[in-house]
Amino acid sequence: MIENIYGPQDNVFVQDHPLIQHKISMLRDKNTGTNEFRKLVEEIAMLIGFEALHDLPLEDVEVETPIETCMTPMISGKKLAVVPILRAGLGMVSGITALTPTAKIGHIGLYRDEVTHEPHEYYCKLPTPIELRTIVVLDPMLATGGSAVSAIDFIKQHGGVNIKFLCIIAAPEGIKRLHEAHPDVQIYIGHVDRELNQNAYICPGLGDAGDRIFGTK
Ligand code: PRP
Ligand code: URA
């Protein structure tokens, strides 16, 4: 089940599946160690990805079963691009590619300035032809929304058109900023948290997603 928080015409989808909620609660726990945290991020990404990819196109193909030959649906084309925002988005890639093993993978490197909280790009490499692909942008955290908006700006500058953004936890401020900047982008969210604090961290959140995935400080 998905709740569309802005109404049926809009592109913001919040998950309410109990498995996703349970796993997000485990992620939040400061006593959850790196190994378990990584596994949870991967599993949650797969569960959100399952919903987000509900509209992949199908085509009927001929298959011979042990009983008879039949026409049966399979995903048509292989034009999917998965684009994690470095670093923390990397933790979600394996969850999505478990569902879509033939997807091509791009990377966008962004970090938030600690004082201004504005994103700075340091890397961008996207699979071609990007304009023909369904693009799934991954980042566990949507805080101010600056990183997601910049990443999608870059992808559109490179020709990307059909874009979905998947995150695990979002702040209301970030959802609003991303949705206003890119209303055409479908936003899939594991959980909407209360607010940002003065350091632009999500409350209650889970802390610094990159540090928790990679065991850094
Ligand atoms: C985190 C997170 C997002 C960004 C969200 O990355 O993974 O990319 O912050 O914040 P925003 O919505 O306010 O832009 P960070 O910049 O800490 O980099 P990292 O993944 O390399 O740790
Ligand atoms: N980035 C994170 O990793 N966590 C937050 O709460 C906000 C931005």
Side-chain angles (χ1 to χ4, degrees), residues 5 11-12 14 23-34 36-38 40-42 44-45 48-49 82-96 105-126 135-156 160 163-183 185-217:
I5 57 176
N11 269 339
V12 182
V14 181
K23 288 174 192 292
I24 290 176
S25 298
M26 293 173 73
L27 271 189
R28 293 186 193 280
D29 188 336
K30 67 178 184 184
N31 295 314
T32 297
T34 305
E36 192 183 359
F37 193 92
R38 260 186 223 139
L40 287 163
V41 167
E42 179 182 340
I44 295 165
I48 299 175
V82 177
V83 181
I85 300 177
L86 307 181
R87 291 176 299 168
L90 283 174
M92 299 173 73
V93 171
S94 54
I96 303 299
I105 301 174
H107 295 88
I108 292 186
L110 292 173
Y111 70 90
R112 287 202 317 179
D113 183 281
E114 284 184 7
V115 177
T116 66
H117 309 131
E118 282 305 307
H120 294 272
E121 186 204 2
Y122 59 88
Y123 188 78
C124 182
K125 181 86 179 171
L126 299 173
I135 302 158
V136 181
V137 181
L138 304 176
D139 195 325
M141 308 305 276
L142 179 63
T144 66
S147 303
V149 169
S150 291
I152 292 169
D153 285 344
F154 291 135
I155 291 170
K156 287 186 174 176
I163 303 170
K164 297 170 188 277
F165 179 83
L166 272 61
C167 64
I168 295 178
I169 295 181
E173 296 92 325
I175 301 171
K176 185 168 186 293
R177 182 166 171 188
L178 177 55
H179 183 57
E180 285 178 1
H182 296 292
V185 171
Q186 293 178 348
I187 306 171
Y188 287 86
I189 300 167
H191 194 272
V192 180
D193 272 13
R194 195 178 67 246
E195 61 186 354
L196 298 177
N197 67 14
Q198 67 278 14
N199 296 320
Y201 271 80
I202 299 175
C203 304
L206 49 71
D208 186 305
D211 282 346
R212 295 199 64 190
I213 290 169
F214 294 105
T216 50
K217 265 277 171 281

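First listed ligand is number 1; within each ligand, the first listed atom is number 1. Basis for what follows: all heavy atoms, side chains included, without hydrogens, waters or symmetry-related copies.
- Arg112 is listed as a side-chain neighbour of Ser147, based on a closest heavy-atom distance under 4.5 Å.
- Using modelled atom types, no side-chain atom of Asp193 and backbone atom of Glu195 make a donor-acceptor pair closer than 3.5 Å.
- With respect to atom 6 (O) of ligand 2, the closest heavy atom belonging to the protein is Ile202 N, 2.8 Å.
- Side chains of Tyr111 and Leu86 form no contact here, defined as non-hydrogen atoms less than 4.5 Å apart.
- Considering backbone and side-chain N/O of Ala88, one or more are found under 3.5 Å from N/O of ligand 1.
- Contacts with ligand 1 closer than 4.0 Å are made by heavy atoms of both the backbone and the side chain of Ser147.
- Scanning the protein heavy atoms around atom 5 (C) of ligand 2, the nearest turns out to be Tyr201 CD2, 3.4 Å.
- Between Thr34 and Arg212 there is no side-chain heavy-atom pair separated by less than 4.5 Å.
- Distances shorter than 4.0 angstrom occur between a heavy atom of Arg112 and an atom of ligand 2.
- Listed by atom number, the atoms of ligand 2 under 4.0 Å from Ala143 heavy atoms are 7 (C), 8 (C).
- Looking only at atom types and distance, the side chain of Asp153 has a donor-acceptor partner in the side chain of His182 under 3.5 Å away.
- Residue Asp211 places no N or O, backbone or side chain, under 3.5 Å from any N or O of ligand 1.
- Closest protein heavy atom to atom 21 (O) of ligand 1: Arg87 NE, 3.1 Å.
- Ligand 1 is approached by Gly145 to a heavy-atom distance shorter than 4.0 Å.
- Within the 4.5 Å cutoff, side-chain heavy atoms of Ile152 are placed close to those of Phe165.
- Residue-ligand proximity, Tyr111 to ligand 1, at heavy-atom distances under 4.0 Å covers atoms 16 (O).
- Side-chain atoms of Arg28 come within 3.5 Å of backbone N or O of Gly205 as a donor-acceptor pair.
- The nearest heavy-atom contact from the protein to atom 18 (O) of ligand 1 is Leu110 O, 4.1 Å.
- Under the 4.0 Å distance rule, the nearest protein heavy atom to atom 5 (C) of ligand 1 falls inside the cut-off.
- Checked against a 3.5 angstrom limit, the closest N/O atoms of Ala209 and ligand 2 fall inside it.
- For ligand 2, the polar-atom distance check finds no N/O of Met141 at less than 3.5 Å from any of the ligand's N/O atoms.
- Taking the side chain as every heavy atom from C-beta outward, Ile163 and Lys156 approach each other to under 4.5 Å.
- Polar contact check, Arg112 against ligand 1: a nitrogen or oxygen pair lies under 3.5 Å apart.
- Checked against a 3.5 angstrom limit, the closest N/O atoms of Asp139 and ligand 1 fall inside it.
- With atom 11 (P) of ligand 1 as the reference point, the heavy atom nearest to it among Ile108, Val149, Ile169, Thr144 is part of Thr144.
- Ionic pairing of Arg87 and Asp139 is not present here: no N-O contact between side-chain nitrogen and carboxylate oxygen is shorter than 4.0 angstrom.
- Under the 4.5 Å side-chain criterion, counting only non-hydrogen atoms from C-beta, Val185 is not in contact with Asn11.
- For atom 16 (O) of ligand 1, the nearest protein heavy atom lies closer than 4.0 Å.
- Residue-level proximity to ligand 2 for Ala200 is carried by the backbone, the only part with a heavy atom below 4.0 angstrom.
- At least one heavy atom of Met141 sits under 4.0 Å from some atom of ligand 1.
- Taking 4.5 Å as the limit, every side-chain heavy atom of Ile169 sits out of range of all side-chain heavy atoms of Cys167.
- Taking any N or O of Gly207, backbone or side chain, at least one lies under 3.5 Å from an N or O belonging to ligand 2.
- Ionic pairing of Glu42 and Arg38 is not present here: no N-O contact between side-chain nitrogen and carboxylate oxygen is shorter than 4.0 angstrom.
- At a 3.5 angstrom cut-off on N or O pairs, Ile85 does not count as close to ligand 1.
- For the pair Pro140/Met92, a side-chain contact is recorded, criterion being any heavy-atom separation below 4.5 Å from C-beta on.
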